[in-house]
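Encoded as structure tokens, the structure appears first; notes follow it.
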Amino acid sequence: MPPFALSASSSSSPCGLQQNNKAESNIVTVDVGGQLFQTTKQTLSIAGPNSLFARVSEIPNSTTQFTAPFIDRDPELFSILLSLLRTGNLPSKAKAIDLQDLIFESQFYGIESLLVNSLSNPSQFEAFNLEKSKILSLNGRDSPSAIATTPFGSVHVVHGSKITSFDWSLRKKSTILTQFTAVDSLLAISPSVAAAGATDFSGLQILDLESGFVRETLNWENVTRSSSTVQAIGSSPECLFASFESGRRNSNSIMVYDLQTLYPITEIGHSEIYGAELDSAIPATKLNWVSGSNLLMASGSHSGPSGVLGNIKFWDIRSGNVVWELKEKIDCFSDVTVSDSLSTIFKVGVNSGEVFFADLRNIGSENPWVCLGDGRKMASGKKEGIGCKIECHGNQVFCSKGGNIELWSEVPMRSIKSTGDGSEERIFRKNIMGKVKDMGGSRITNLAFGGNKMCVTRKGQQNVEIWQSSIRGF
Amino acid sequence: MADEYSQPQSNHHQPNDRLRLNVGGKLFETTVATIRSGGPDSLLGALSNRLTYDQEPVFIDRDPEIFSVLLSLLRSNRLPSTASRFTKQELADEAVYYGIESHLKSAMSPPPFNGIDASIVNVIQPASDGFTSAFTAGDDGSIWIAHGGQISSYDWNLIHAGSIRTHLENITSIRRVYSEIAAVGSESAAGLHFYDFSNGRNIASIHWTDASDPRIYKAQVTAIADSSSTVFAAFDCPHNENSILAIDKTTLKIQSEFGRQRGSSAKNLVAGKLTWLPQTGVLVGSSVNCGAFGYSGYIRLWDPRSGDVVWDMNEPGSGRSGRFGDSFADVDVDTDELTMFKVCSKSGDLAMADLRNLSEDPWVYLQDKNPSLRNESRGGNSVIHCYRNQVFVGREGGLEVWTTLPNGKKGTEIENNNNGICEDLYRRNFVDKEEDSERGVIEKIEGGGDRLFVSRQNVEGIEVWESSNSSGPVSVL
């Protein structure tokens, strides 16, 4: 049944007379739940060809008798969505209405994407304006172990063997049970599909988060024919990367799959361990795609009697070669990330607990790290950096230390001082995020970014903190 | 497409016809199809046959704001957030007036109950004598609570629908045998009694007597179950004799007696729990007794037509049980899946048995590797309840759920070869949080509709657990 219809009456409304005079008029009149609205075809066309509005504006209004198309819906909600069509933003009167009603109504008219764009657009992310705004609690007693976000702000949280998904508006949630006892890495492929893996369970599972079904299990055939556990998952716009380790922990590899079809494309960095060479025994535990240079950054570390050792490798997917390898022997990273827009790698040193950066433009140099703090702590045995997380989003770097988050940003300077080796000096400054009341707390275990928000999980807390900027806060 | 907008000239109404209503002075415009979706018997459905757009809008002398909520409900099949301005009672009353209560019911009911994602939403507190002695849940999420000799009824919306006083001082078992009739029994007074909720009257009382044995008198009821035609009640006579009576549901007269036994050993005690299996026509009874030397009890299956015991198990049994000395603390039957679950008193382990394939030792012990639950298995005060293909276990104050894995094998397909231990069949999770478990020892768990009801020892009221699709964000700005 079409949800709108013409009136069967002959009653003429006052504006109908004007309408008749201009047969080629651009103005469209709609009757929503008994209230008349006038707008232009251009405005309605913003809704897209599949929306209900496109069908409304197609109705010829040159009939002899004035009849506005009737839509049997709530006029108040319609007026807000019409404002959204006109301006791209929600009017302030929308604040009196529950967002859930607007989402449902926009789905009816087929314009939910406009609502998402106006409320959870990644371009609205403002690092300096983030404040702790919401707590999403999780049922049960398990604390979150991994978190994944989509670009428009859907959030998936793993707690115990369950994955709870929140929609982009964070108003709706659903929970599924997985076959894992605990999930260690999670990557959102779409708002309803995620890739999940664990360090104690064989195979990378592609999960449908609405039904809980396993769409596909991707496995790596290792030589020992033992199980293959997942150490890290990453993605580029076209590919899905998974770092596997054999169950006997004597071989590891990075598999590259097509993100759409999930067919394996290639295998890179396959290493078997026979001798005492420890370095090759370290599987990659973090995979970052560097789209600016089409490289995959794979990093892994190992804690042994002589301290923490690690390596950071940049892989060219097409040739399967390592373009650059950084061996971490002194003050190895406790976490490392790469920023495309700054073309810089950032790490937290496990001993010093300080943030370091290395410019991707001087690829291949021996010791590229520049310490952004007290470099003398590098040799300290205190291991201040244990458990620190570092992530890049936009032009900023977020580094958690204990219960606090440091926000690092580059200050663009006009006068460029040259350092000894000819490269320009770069200035990074930090701020501690949040108000005084938000600081401290349990150790931060995960940081994730999506839409205009940042998600934070903490040790022993069965919830997700949402940090949002409040400019157009709904 | 064009004919949808052409104007029908016939006398009868097209579903796309528009109509206008004047509710309490406010004009509403909608379509016949929307109004008719309330059903032909509703007030609105009846009005739609008489109205045309041309005539003056029909005046309905009701509150326009609630009507706009209900109109939104008819238009979109969901309640708008403006519904929160009104109490559930107001909405329900108004929906009854317009005859669209079933619409409201489906829009207000919680989503399917999912033990891995449930939270406590409410505690039902009877006004007086709030310590619950027994309760029974209905399929629509309603509940009847027995407390202090009264029965209080709460409807699908958990609104207090009424209370009646019975002649019993302490009701220890209750069963809703018809929508308005409760069967109640007490462990301190004799007989099974039927109460009609609509008028609060006792309509029948059943006593167990034996013409050939005058010692059978003053027998108390310990458990009640019912099938579509019969009520079953376990009677216990003070001189250590017990039996099960089958009572015809229409005449409320005794049909037959079976399972009679005497003696005071654990395997001869009266059943404390009865469950009817509609698929197989078998009655399951169990008795658990906790003494100084631990738990003991039996599980027994009867065919009520012949009165014969179909299957029977005692614990602690002879040495044939795989887990000698680890007797069960509670047992429950999943009537849909035809499986039986027991929780062990010492180890706290959960075991499953297939009712279609009962052998001498049918138990498969379920294990879960969830690291956060590793040291949480203890026996003792445990209760177990199967609902919607999930198994809920209350251990002291903690509430946990065992759920089948999404792509896992069905319980009945598992072969009992691995020393009776099975790992990847069920996943165990806590339903509650740490602080929930501190409210008291869980006494009884029962599911009804999309709710789970939990009562605790020496705690007033009954907890209501529901799943929700709403994330319930808490603002901390």
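These numbers come from a predicted model, not from an experiment. Below, read A as the first sequence line, B as the second, and so on, with proteins coming before strands; counting in each chain starts at 1.
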| request: Verify the distance criterion only: is there a donor paired with an acceptor across the side chains of A:Asp98 and B:Ser81 at less than 3.5 Å? | output: no
| Any Lys/Arg nitrogen of A:Asp72 or B:Arg18 sitting under 4.0 Å from an Asp/Glu carboxylate oxygen of the other? | no
| query | Going by an N to O cut-off under 4.0 Å, is there a salt bridge joining B:Asp432 and A:Arg141? | reply | yes
| query | What's the shortest heavy-atom distance between B:Ser72 and A:Asp74, and which atoms? | reply | OG-OD2, 3.9 Å
| note | Heavy-atom closest pair (A:Asn139 atom, B:Asp117 atom, distance to 0.1 Å) is ND2-OD1, 2.7 Å
Pick one of side chain, backbone, both or neither for [X], based on which atoms fall under 4.5 Å of a heavy atom in chain A.
X        : result
B:Asn114 : side chain
B:Ser468 : both
B:Ser119 : both

[X] portion near chain B, given a 4.5 angstrom heavy-atom threshold:
X        : result
A:Lys162 : side chain
A:Leu77  : neither
A:Thr178 : backbone
A:Leu138 : backbone
A:Glu465 : neither

| query | If you count heavy-atom pairs under 4.5 Å with chain A, which of B:Ser76, B:Ser467, B:Gly115 comes out on top? | reply | B:Ser76
| note | From the list A:Val32, A:Asp200, A:Thr164, A:Thr175, the residue making the most non-hydrogen contacts under 4.5 Å with chain B is A:Thr175
What I'd like to find out is whether the side chain of [X] reaches to under 4.5 Å of the side chain of [Y], using heavy atoms alone.
X        : Y        : answer
A:Leu177 : B:Leu405 : yes
A:Asp142 : B:Asn429 : yes
B:Arg78  : A:Gln100 : yes

| said: Are there over 12 heavy-atom neighbours, none belonging to B:Lys433, within less than 6.0 Å of that residue's NZ? | reply: yes
| Is it the case that more than 12 heavy atoms not belonging to A:Glu76 sit under 6.0 Å from its CD atom? | no
| B:Phe28: what forms a ring pair (Phe, Tyr, Trp, His ring centres under 6.0 Å) with it, not counting sequence neighbours? | B:Phe67
Considering only distance and modelled atom types, tabulate donor-acceptor pairs under 3.5 Å from the side chains of residues 470-477 of chain B, sequence neighbours left out.
unit_1: B:Ser470; atom_1: OG; unit_2: B:Gly472; atom_2: N; d: 3.3
unit_1: B:Ser471; atom_1: OG; unit_2: A:Leu170; atom_2: O; d: 2.3
unit_1: B:Ser471; atom_1: OG; unit_2: A:Arg171; atom_2: O; d: 3.4

| Side-chain donor/acceptor of A:Arg73 to backbone N/O of B:Arg75, under 3.5 Å | yes
